[in-house]
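The structure presented is a predicted model; accordingly, all values stated were derived computationally and were not measured. In each ligand, atom 1 is the first atom listed, and ligand 1 is the first ligand listed.
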Amino acid sequence: MKTAIYPGSFDPVTMGHLDIISRASRIFDKVIVLTSRNSDKNPLFSSSERAEMLRLVSAEFENVEVEVFEGLLADYASSIPECVIVKGMRAISDFEREFQMALINSALSPGLDTLFLTTSHRYQFLSSSVVKEVGMLGGDISDFVPTEIMAQVLDRLRERSGSNAGKR
Ligand code: PNS
């Protein structure tokens, strides 16, 4: 059985992430979406909240599971037989960091490959950070975030910014 591990912060999951989950679920027997417990010192959502949101938005994909992990991704991957890491790659901006992470992971766990899916053209500009900034400043994020988690994201942004989120 070929398993894809799709790791990330997902703070919060965006339409771009969901597009990668959906495409990976068609290519692999199983997809494990892994959200890290400690990648950002001041996340908008806790790792369990991020995992719950990922479960909600990926519920329609029967071969997708969501897990929280801490520690090295290469160690986690070593415990999964016949797996590869899958990441989305946006034009230019992601290349250097993703290339470095792929090489570190294969140095730590020889034979561990990373496959990149090119981000769909309509999501090239999208990131969780952009969603948070636009949302916090009152911009419309409804095209960027899955409908199922929209209210939760807007509520949290409102709590953090104390004002503007979701006004438009
Ligand atoms: O959403 P992101 O920022 O691309 O996710 C980055 C993530 C969580 C995939 C990366 O930071 C990671 O793999 N963290 C686990 C710790 C680890 O293995 N570090 C060494 C490789 S950089």
Side-chain angles (χ1 to χ4, degrees), residues 2-25 27-28 30-58 61 64-136 141 144-146 148-149 152-153 156-157 160:
K2 293 275 182 235
T3 302
I5 296 174
Y6 178 33
S9 308
F10 306 111
D11 185 43
V13 56
T14 68
M15 294 302 289
H17 296 131
L18 191 56
D19 180 57
I20 298 291
I21 292 171
S22 151
R23 288 159 59 200
S25 82
I27 299 169
F28 293 93
K30 182 173 167 183
V31 178
I32 303 174
V33 183
L34 268 189
T35 184
S36 58
R37 198 179 291 283
N38 47 6
S39 62
D40 185 338
K41 290 204 170 60
N42 187 24
L44 191 59
F45 292 100
S46 70
S47 54
S48 52
E49 287 172 324
R50 283 180 269 139
E52 271 317 303
M53 289 191 286
L54 281 161
R55 285 190 189 104
L56 198 62
V57 302
S58 63
F61 308 112
V64 172
E65 277 176 22
V66 178
E67 304 277 350
V68 174
F69 84 115
E70 61 189 324
L72 285 173
L73 178 59
D75 288 343
Y76 180 94
S78 302
S79 70
I80 310 288
E82 286 199 88
C83 71
V84 295
I85 295 169
V86 163
K87 300 285 306 260
M89 176 83 88
R90 287 166 298 191
I92 307 172
S93 63
D94 283 334
F95 183 78
E96 200 166 336
R97 181 163 176 263
E98 292 298 343
F99 198 69
Q100 183 190 34
M101 283 198 276
L103 291 175
I104 289 173
N105 286 324
S106 86
L108 292 171
S109 179
L112 176 59
D113 279 317
T114 300
L115 296 183
F116 293 104
L117 292 179
T118 49
T119 299
S120 299
H121 66 91
R122 60 188 185 285
Y123 301 128
Q124 286 289 336
F125 60 90
L126 197 52
S127 68
S128 298
S129 317
V130 160
V131 164
K132 285 185 272 197
E133 181 163 343
V134 171
M136 223 174 259
I141 55 170
F144 309 152
V145 169
E148 301 92 320
I149 62 163
Q152 194 176 347
V153 172
R156 186 59 53 87
L157 288 172
R160 283 288 169 94

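With hydrogens and angles disregarded, a donor-acceptor distance shorter than 3.5 Å links the side chain of R50 to the backbone of S36. The closest donor-acceptor contact from the side chain of R55 to the backbone of V66 lies under 3.5 Å. At distances below 3.5 Å, not a single donor-acceptor pair connects side-chain atoms of E67 with backbone N or O atoms of T35.
Distances below 4.0 Å separate heavy atoms of M101 from the following atoms of ligand 1: 10 (C), 22 (S). Residue F69 has at least one heavy-atom neighbour below 4.0 Å for each of these atoms of ligand 1: 15 (C). The contact set between ligand 1 and N105, taken as ligand atoms under 4.0 Å from a residue heavy atom, comprises 21 (C). Ligand 1 places these atoms under 4.0 Å from at least one heavy atom of S9: 1 (O), 2 (P), 3 (O), 5 (O).
With a 4.5 Å cut-off on side-chain heavy atoms, Q152 and F45 count as touching. Two residues are said to be in side-chain contact when any heavy atoms from C-beta on lie closer than 4.5 Å; V33 and V64 meet this criterion.
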Q) Can you check salt bridge (Lys or Arg N to Asp or Glu O under 4.0 Å) on R156 and E49, steps first, answer last? A) CA-CA 11 Å; R156 186 59 53 87; E49 287 172 324; 2.8 Å; yes

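Side-chain atoms of S128 and D11 form no donor-acceptor pair, as typed in the model, at a separation below 3.5 Å.
A salt bridge is defined here as a Lys NZ or Arg NE, NH1 or NH2 lying under 4.0 Å from an Asp or Glu carboxylate O, and K87 with D94 fails to meet this definition.
With atom 19 (N) of ligand 1 as the reference point, the heavy atom nearest to it among L103, D94, L72, I104 is part of L72. Counting heavy atoms only, G71 comes closest to atom 16 (C) of ligand 1 of the residues G71, A77, S36.
In this structure, E70 has no heavy atom closer than 4.0 Å to ligand 1. Using a non-hydrogen distance threshold of 4.0 Å, K87 registers as a contact of ligand 1.
Contacts between L108 and ligand 1, counted as non-hydrogen atom pairs separated by less than 4.0 Å, are absent for every part of the residue.
Residue L73 has at least one N or O atom closer than 3.5 Å to an N or O atom of ligand 1. In terms of polar-atom proximity, E98 is not counted as a contact of ligand 1, lacking any N or O under 3.5 Å from an N or O of the ligand.
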